[in-house]
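First the structure, in the form of structure tokens, and then the observations on it.
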Amino acid sequence: MSEEIRVLISEEEIEERIREMGRQISEFYQGESVHLVSVLKGGVFFTCELAKRLSVPVSLDFMSVSSYGDGTKSSGVVKVVKDLDEAIEGKHVLVVEDIVDSGRTLSYLLDNLRSRKPKSLRLCTLLDKPERRVTDVRVDYTGFEIPDEFVVGYGLDYMQHYRNLPYIGVVELDA
């Protein structure tokens, strides 16, 4: 089996939308600092680009929570692979994710972080697939709503490949 990648969102579209999101988020947190929690591995690409466009003070940490195996569908089993290095109590926390799909992983992660008593907790995602949602998750900042297709690029992978593509592409599998 092999795969083809069809461009869904261009590099230029992504860059422009991240600039817009950076302005919107900076306006919301004006006069405050924000602690970004990047969800690894895919979220790191988006987090770095977003952080460069924020005009408020930023601190950064990483967390890895997984519900995917090597396939294209969520397994439904959530586990913490890497926890935060520092406490978030009393901080304005913005979770930065590459994609919100079923919502299971993010629901688990947000509940986990909420229990650590941040001053505020918001969610920012580059991509959102609302039609795939099985768990209610409130997304505060969305880059793009996309259809229910398996996408790669800009941090998103298929079996650890294609993360480095500078655009969002749809994986089309050939039998």
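None of the values given here were measured: they were computed from a predicted structure.
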* To do: Check ring-ring contact (aromatic ring centres under 6.0 Å, His included) between Tyr29 and all other residues, then give those that pass, not counting sequence neighbours.
  => His92
* CA sep, side-chain torsions, deciding dist, call: Leu156, Leu127, side chain to side chain contact (heavy atoms under 4.5 Å, CB included) -> CA-CA 10 Å; Leu156 294 144; Leu127 304 174; 3.3 Å; yes
I need the [X] [atom1] to [Y] [atom2] distance, nearest 0.5 Å.
| X | Y | atom1 | atom2 | result |
| --- | --- | --- | --- | --- |
| Phe45 | Arg163 | CZ | CZ | 7.0 Å |
| Arg6 | Glu172 | CZ | CD | 4.5 Å |
| Arg19 | Met21 | CZ | CE | 13.5 Å |
| Thr142 | Glu97 | OG1 | CD | 12.0 Å |
| Ile14 | Glu16 | CD1 | CD | 12.0 Å |
| Lys82 | Leu84 | NZ | CG | 6.5 Å |

Would you indicate whether the side-chain heavy atoms of [Y] and [X] approach each other to under 4.5 Å?
| X | Y | value |
| --- | --- | --- |
| Glu15 | Glu49 | no |
| Glu149 | Lys129 | no |
| Tyr154 | Ile18 | yes |
| Ile5 | Leu165 | yes |
| Leu36 | Val95 | no |
| Leu109 | Met63 | yes |
| Val80 | Tyr108 | yes |
| Leu40 | Val65 | no |

Could you check whether [X] pairs with [Y] (Lys NZ or Arg NE/NH1/NH2 to Asp/Glu carboxylate O, under 4.0 Å)?
| X | Y | result |
| --- | --- | --- |
| Glu89 | Lys117 | no |
| Arg116 | Asp83 | yes |
| Glu86 | Lys91 | yes |
| Arg138 | Asp140 | yes |
| Arg17 | Glu13 | no |

* Passes side chain to side chain contact (heavy atoms under 4.5 Å, CB included), Tyr141 versus Ile25? Steps please. -> CA-CA 8 Å; Tyr141 304 100; Ile25 292 165; 3.7 Å; yes
Measure across [X] and [Y] and return the closest heavy-atom pair with its distance rounded to 0.1 Å.
| X | Y | value |
| --- | --- | --- |
| Leu94 | Cys124 | CD1-CB, 3.8 Å |
| Tyr158 | Glu3 | CE2-OE1, 3.7 Å |
| Asp157 | Phe150 | O-CZ, 3.6 Å |
| Thr125 | Val100 | OG1-N, 3.6 Å |
| Leu121 | Leu110 | CD2-O, 3.6 Å |
| Ser26 | Val56 | O-CG1, 3.6 Å |

* Among Asp128, Asp101, Asp148, whose salt bridge (charged side-chain N to carboxylate O under 4.0 Å, His left out) with Arg133 holds? ->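 Filter result, single survivor: Asp128.
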* Lys/Arg cation over aromatic Phe28: Arg23, 6.0 Å, 45° cone -> no
* Structure fact -> Result for side chain to side chain contact (heavy atoms under 4.5 Å, CB included) between Ile168 and one of Leu126, Val7, Asp98, Ile99 points to Leu126
* To do: Only one of Asp85, Val96, Thr47, Val44 passes side chain to side chain contact (heavy atoms under 4.5 Å, CB included) with Leu60; say which it is.
  =>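 Per the side chain to side chain contact (heavy atoms under 4.5 Å, CB included) rule, the option paired with Leu60 is Thr47, out of Asp85, Val96, Thr47, Val44.
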* Hphob cluster co-occupancy, Val134 + Leu106, side-chain heavy atoms under 4.5 angstrom -> no
* Go through the steps to decide whether Leu123 and Val137 satisfy the test side chain to side chain contact (heavy atoms under 4.5 Å, CB included), and finish with yes or no. => CA-CA 9 Å; Leu123 174 61; Val137 173; 3.5 Å; yes
* Asked: Does CD in Glu131 sit with more than 12 non-hydrogen atoms of other residues, nucleotides or ligands closer than 6.0 Å?
  ->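 Check passes, neighbour count above 12.
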* Asp111 atom CG, neighbour heavy-atom count above 12 within 6.0 Å -> yes
* Asked: Is the backbone of Arg104 close enough, under 3.5 Å, to the side chain of Ser107 for a donor and an acceptor to pair up by distance?
  ->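 No; zero donor-acceptor contacts below 3.5 Å.
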